[in-house]
**Q** 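Let me begin by handing over the structure; questions about it come next.
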Amino acid sequence: MAQKPLSEIEYFLQHGDAIGFPATYDGRAYDLMMRGLQGQLQTSQLMTDLSNKLTDLAKSYAGGRPDLLFYNSKPTEFPVLVKPFQSVKNKIYRLNCAWNRDFPLAPKKFKIVTKDNFLEHDKINDLFRTRLVCKYMDGPEFIALGIKDMCDEKNIEFRHYPMSTDNGYHSWHCYMKISGEILSGDEVAVRQIWLEIQITTQLTELITGLTHDLYGGTRNLSSSRSDTDWKWRPESQQFKATYLGHTLHLLEGIIQTFRDDVLGINPNQSSANSKSLDGRTDETLDTDMMAYVPHPSSEQTAEHGEGDQKS
């Protein structure tokens with residue numbers, strides 16, 4: 001008979017000391033470290049370069065119609081949010097235990113996540129996050145490929161892929177490596193940390209807030225144990241919210257093609273950066289959609305974070 005998996009509380013009580021995060025760890029040291037890194041990133045030359053790149057991309061979008069790319073924001077306004085420690089802790093639990101078929105051994109495909117390696121761990125790729133919202137469905141890919149060009153020119157490690165989930169979430173996710181300095185003992189150490197850039201559309205932005213709470217309760221489960229009965233229960237809230245998300249995605253496609261017809265835009269003009277995505281790494285996605293802490297200088301609240309539409 002299969003052994004019942006440990007809960008998150010049980011995991012850290014039994015294994016927290018071994019990975020450097022005892023059950024009594026309250027995250028205050030993490031918060032201080034991440035605030036420092038956040039400030040470094042927000043004022044870095046990299047963010048200036050990214051802002052300039054986004055401005056240039058808007059000018060070349062849809063045959064030179066910059067007003068059609070971004071929704072309700074300027075490409076220079078994208079505050080960096082920090083993943084709260086409780087969300088990090090839950091992700092460590094999922095990676096090391098809940099999703100690990102070899103538990104209590106380390107996963108076969110990657111190193112176990114510990115206090116010493118979590119900043120640079122490839123599976124912890126969303127400690128910092130920013131979010132861009134486009135007006136139309138072809139915008140996210142256009143921006144993702146444009147950012148890739150910038151990273152290639154500057155020799156910055158970069159990943160990107162489109163993401164769609166059962167919960168009706170559709171977006172493009174980009175990941176770029178950033179450098180940050182932290183205090184390690186009596187010395188300053190440089191760490192290479194992933195910055196996540198979520199690029200989505202206004203309709204997806206709308207539905208994400210509605211579907212997040214439904215998703216949150218199942219994210220600790222492995223896919224083999226997920227309950228899918230709701231797909232046959234149209235009276236359930238999960239059925240309604242999920243398929244509303246997919247329906248809105250369909251409508252976005254219709255709206256985009258209608259826009260192209262009305263304005264006489266060649267579809268190739270709005271995706272001038274498009275390149276083959278062959279060879280893209282397909283990996284388990286985890287997009288904690290709701291629990292991110294804004295930079296102190298920003299008035300934007302963390303409305304999108306915690307959840308794991310999948311990271």
Side-chain angles (χ1 to χ4, degrees), residues 19-21 27-57 75-85 87-89 91-92 95 110-132 143-161 172-199 280-281 283 285-288 291-298 300 302 305 311:
I19 63 172
F21 290 113
R28 283 182 292 178
Y30 168 87
D31 291 340
L32 287 173
M33 176 180 66
M34 297 304 289
R35 288 291 187 180
L37 289 168
Q38 182 186 36
Q40 294 174 43
L41 174 58
Q42 195 77 70
T43 58
S44 68
Q45 182 61 45
L46 174 62
M47 296 304 286
T48 299
D49 293 341
L50 180 58
S51 175
N52 292 336
K53 181 65 177 180
L54 294 174
T55 300
D56 291 341
L57 286 172
T76 54
E77 297 175 353
F78 45 95
V80 175
L81 308 181
V82 175
K83 192 179 186 74
F85 178 69
S87 184
V88 175
K89 188 176 179 181
K91 190 166 187 176
I92 292 172
L95 291 169
F110 56 87
K111 293 181 179 179
I112 193 168
V113 184
T114 69
K115 187 177 181 180
D116 292 333
N117 68 15
F118 82 100
L119 280 177
E120 299 183 300
H121 201 289
D122 274 353
K123 294 295 182 181
I124 309 291
N125 57 6
D126 58 351
L127 292 174
F128 293 108
R129 169 176 295 166
T130 192
R131 191 172 180 86
L132 300 170
I143 295 172
L145 295 174
I147 296 175
K148 179 183 184 302
D149 288 341
M150 183 197 80
C151 290
D152 287 346
E153 293 172 1
K154 298 181 177 297
N155 198 30
I156 297 172
E157 188 174 353
F158 181 82
R159 301 173 182 173
H160 69 296
Y161 42 73
W172 278 71
H173 283 204
C174 301
Y175 299 88
M176 53 196 302
K177 274 290 182 72
I178 59 174
S179 296
E181 295 181 343
I182 64 170
L183 187 63
S184 180
D186 296 329
E187 300 180 351
V188 174
V190 177
R191 294 288 183 265
Q192 299 296 318
I193 309 166
W194 287 107
L195 165 66
E196 180 185 71
I197 305 173
Q198 293 181 358
I199 315 171
R280 178 179 69 243
T281 301
E283 48 186 292
L285 305 175
D286 175 40
T287 66
D288 294 330
Y292 283 72
V293 181
H295 188 270
S297 64
S298 169
Q300 174 174 331
S311 156

**Q** Under the 3.5 angstrom rule, does the side chain of Asp152 hit a backbone N or O of Ile147 as a donor-acceptor pair?
**A**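 Not a single qualifying donor-acceptor pair exists.
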
**Q** Can you find a pair of side-chain heavy atoms, one from Ile92 and one from Lys89, that are under 4.5 Å apart?
**A**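 When only atoms from C-beta onward are counted, Lys89 and Ile92 do not touch, as no gap falls below 4.5 Å.
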
**Q** For Lys111 versus His121, what's the shortest heavy-atom pair and its separation?
**A**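 That would be O-NE2, 2.7 Å.
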
**Q** Starting at NZ of Lys148, measure out to CZ of Arg159 and round the result to the nearest 0.5 Å.
**A**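 Answer for the NZ-CZ pair, Lys148 versus Arg159, is 13.5 Å.
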
**Q** Using side-chain hydrogen bond (donor to acceptor under 3.5 Å, both in side chains), reason through Glu196 and Gln198 one step at a time and then give a plain yes or no.
**A** CA-CA 6 Å; Glu196 180 185 71; Gln198 293 181 358; 3.1 Å; yes

**Q** Does Thr130 use its side chain to pair, donor to acceptor, with the backbone of Pro79 at less than 3.5 Å?
**A**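 Yes, Thr130 side chain to Pro79 backbone: donor-acceptor pair under 3.5 Å.
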
**Q** Is there side-chain contact between Val80 and Met47, with at least one heavy-atom pair below 4.5 Å?
**A**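 Answer yes - side chains close enough.
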
**Q** Could you tell me whether Tyr175 and Phe128 have their ring centroids closer than 6.0 angstrom?
**A**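 Ring centres of Phe128 and Tyr175 not closer than 6.0 Å.
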
**Q** What is the distance from atom CZ of Arg131 to atom CD1 of Ile197, rounded to the nearest 0.5 Å?
**A**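 The CD1 atom of Ile197 is 12.5 Å from CZ of Arg131, to the nearest 0.5 Å.
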
**Q** Are the side chains of Met34 and Leu127 in touch, meaning some heavy atoms are under 4.5 Å apart?
**A**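 In contact.
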
**Q** Is it the case that atom CD in Glu187 sees more than 12 heavy atoms from other parts of the structure closer than 6.0 Å?
**A**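 Atom CD in Glu187 is not packed in, count stays at 12 or less.
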
**Q** Excluding sequence neighbours, so at least two apart, what forms ring pair (Phe, Tyr, Trp, His ring centres under 6.0 Å) with Phe158?
**A**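 With sequence neighbours excluded, Phe158 shows a ring pair (Phe, Tyr, Trp, His ring centres under 6.0 Å) to His160, given in chain and number order.
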
**Q** Short question: side chain of Thr43, backbone of Gly39 - any donor-acceptor pair under 3.5 Å?
**A**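 Checking the backbone N and O of Gly39 against the side chain of Thr43, a donor-acceptor pair under 3.5 Å is found.
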
**Q** I want to check something: taking the side chain as every heavy atom from C-beta on, are Phe85 and Arg28 in contact at a cut-off of under 4.5 Å?
**A**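 Result no, sub-4.5 Å side-chain heavy-atom pair not found.
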
**Q** Does Leu41 offer a backbone N or O that forms a donor-acceptor pair with the side chain of Ser44 under 3.5 Å?
**A**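 Yes, the answer is positive, given that a donor and an acceptor are paired below the 3.5 Å cut-off.
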
**Q** Do Met176 and Met150 have side chains that approach each other closer than 4.5 Å (heavy atoms only, starting at C-beta)?
**A**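 Heavy-atom side-chain distance check passes, below 4.5 Å.
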
**Q** For a quick test of reading the model, state the closest non-hydrogen atom pair linking Lys177 to Asp122 and the distance between them.
**A**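 Result for this residue pair: NZ-OD1, 4.3 Å.
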
**Q** Are any non-hydrogen side-chain atoms of Phe118 and Tyr30 less than 4.5 angstrom apart?
**A**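 Yes - at least one pair of side-chain heavy atoms lies under 4.5 Å apart.
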
**Q** So which heavy atom on Leu195 is nearest to which on Arg129, and how close?
**A**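 It is CD1-N, 4.1 Å.
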
**Q** Glu120 vs Trp194, test: side-chain contact (heavy atoms from CB on, under 4.5 Å). Steps then yes/no.
**A** CA-CA 7 Å; Glu120 299 183 300; Trp194 287 107; over 6 Å; no

**Q** Please round to the nearest 0.5 Å and tell me the distance separating atom CG of Leu183 and atom CD of Glu181.
**A**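 Spacing of CG (Leu183) from CD (Glu181) equals 10.5 Å.
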
**Q** Can you give me the closest heavy-atom contact between Ser179 and Val190, atom names plus distance?
**A**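 Distance-wise, the nearest heavy atoms are CB-CG1, 4.3 Å.
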
**Q** Show the numbers, then the answer: is there a salt bridge (charged side-chain N to carboxylate O under 4.0 Å, His left out) between Lys53 and Asp56?
**A** CA-CA 5 Å; Lys53 181 65 177 180; Asp56 291 341; over 6 Å; no

**Q** Determine, stepwise, if the pair Asp149 / Lys154 fulfils salt bridge (charged side-chain N to carboxylate O under 4.0 Å, His left out).
**A** CA-CA 9 Å; Asp149 288 341; Lys154 298 181 177 297; over 6 Å; no

**Q** Hey, are the side chains of Ile193 and Leu37 touching, using non-hydrogen atoms and a 4.5 Å cut-off?
**A**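 Yes; the side chains approach each other to less than 4.5 Å.
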
**Q** Given side chains that start at C-beta, do those of Ile156 and Leu46 come closer than 4.5 Å, heavy atoms only?
**A**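 When only atoms from C-beta onward are counted, Leu46 and Ile156 do touch, with a gap below 4.5 Å.
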
**Q** Give me the one residue out of Asn117, Leu95, Leu119 that meets side-chain contact (heavy atoms from CB on, under 4.5 Å) with Ile124.
**A**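 Considering Asn117, Leu95, Leu119, a side-chain contact (heavy atoms from CB on, under 4.5 Å) with Ile124 is found only for Leu95.
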
